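Structure, as structure tokens:
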Amino acid sequence: MSGFKDQVAADLGVFINSDEFAEEHDLNGMTVKAVVQSPTSQERWINGVNYSIYDGVSGESYTVYCRKADLMDVPLFDPRFTENSSQLLPVHGQRFDLDGVICIVDSVTDDMGILTIELHAEVT
């Protein structure tokens, strides 16, 4: 009998399913099945999220959900990895391209093989 983590790992394809919400997106030059959300200005206002960091600069925020195994450049900081590791270590503030839009990584969470990548893109 397999454990819970093994069952979740086997079911990752259920969470990122192209028959439901996932679509193919260009993530850092790789075509990956992912769910991408961009909250509306009303949703940002209700949640108290204000993007206007600087006067005259506005932007869009995005949340990307994808399987960790589908990305070669995983935007995840882990001090156990070294420069010789096969995983690159994008971190907060690093450039991340989403469907041709240049974004900046705000945060990355690895939840049992599903990455939640918070991004923002500046628009002047």
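For the numbers below, each heavy atom of this structure counts, side chains included, while hydrogens, waters and symmetry mates do not. Owing to the predicted nature of the structure, the values given are computational and were not obtained by experimental measurement.
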Seminar exercise, completed: Sorted by chain and residue number, the side chain to side chain contact (heavy atoms under 4.5 Å, CB included) partners of I102 (sequence neighbours excluded) come out as R95, D97
Exercise. Atom CG in L115, atom OG1 in T109: separation rounded to 0.5 Å?
Worked result: 8.5 Å
Exercise. Taking side chain as C-beta onward, heavy atoms only, is V36 less than 4.5 Å from Y65?
Worked result: no
Problem set entry | Hydrophobic cluster identity match, Y62 and I104, side-chain contacts under 4.5 Å | no
For this session: Return the set of residues passing side-chain hydrogen bond (donor to acceptor under 3.5 Å, both in side chains) with D99 (not counting sequence neighbours), or none when no residue passes.
Result: H25
Exercise. With a 4.5 Å heavy-atom cut-off, do N28 and F96 have their side chains touching?
Worked result: yes
Problem set entry | Distance, nearest 0.5 Å, that separates CG of L98 from CG of D26 | 8.0 Å
Problem set entry | Closest non-hydrogen atom pair, K33 against I16 | O-CG2, 3.4 Å
Seminar exercise, completed: Nearest heavy-atom contact between A34 and C66 is CB-CB, 3.9 Å
Problem set entry | Sidechain-backbone polar pair: D110 side chain, G113 backbone, donor-acceptor under 3.5 Å | yes
Problem set entry | Atom pair CG/CD of L119 and E60 - distance to nearest 0.5 Å | 12.0 Å
Exercise. Roughly how far apart are M30 CE and E24 CD, rounded to 0.5 Å?
Worked result: 12.0 Å
Problem set entry | Side-chain touch R67/I114, heavy atoms, less than 4.5 angstrom | yes
For this session: Start with the C-alpha distance between V64 and V35, add both sets of side-chain angles, then the distance that settles side-chain contact (heavy atoms from CB on, under 4.5 Å), and finish with yes or no.
Result: CA-CA 6 Å; V64 178; V35 176; over 6 Å; no
Exercise. Is the backbone of S61 close enough, under 3.5 Å, to the side chain of S38 for a donor and an acceptor to pair up by distance?
Worked result: yes
Exercise. In chain order, what residues pass the side-chain hydrogen bond (donor to acceptor under 3.5 Å, both in side chains) check against D106, with sequence neighbours excluded?
Worked result: H120
Problem set entry | Residues in side-chain hydrogen bond (donor to acceptor under 3.5 Å, both in side chains) contact with T116, at least two apart in sequence or another chain | none
Seminar exercise, completed: Rounded to the nearest 0.5 Å, the SG atom of C103 sits from the CD atom of E122 at a distance of 10.0 Å
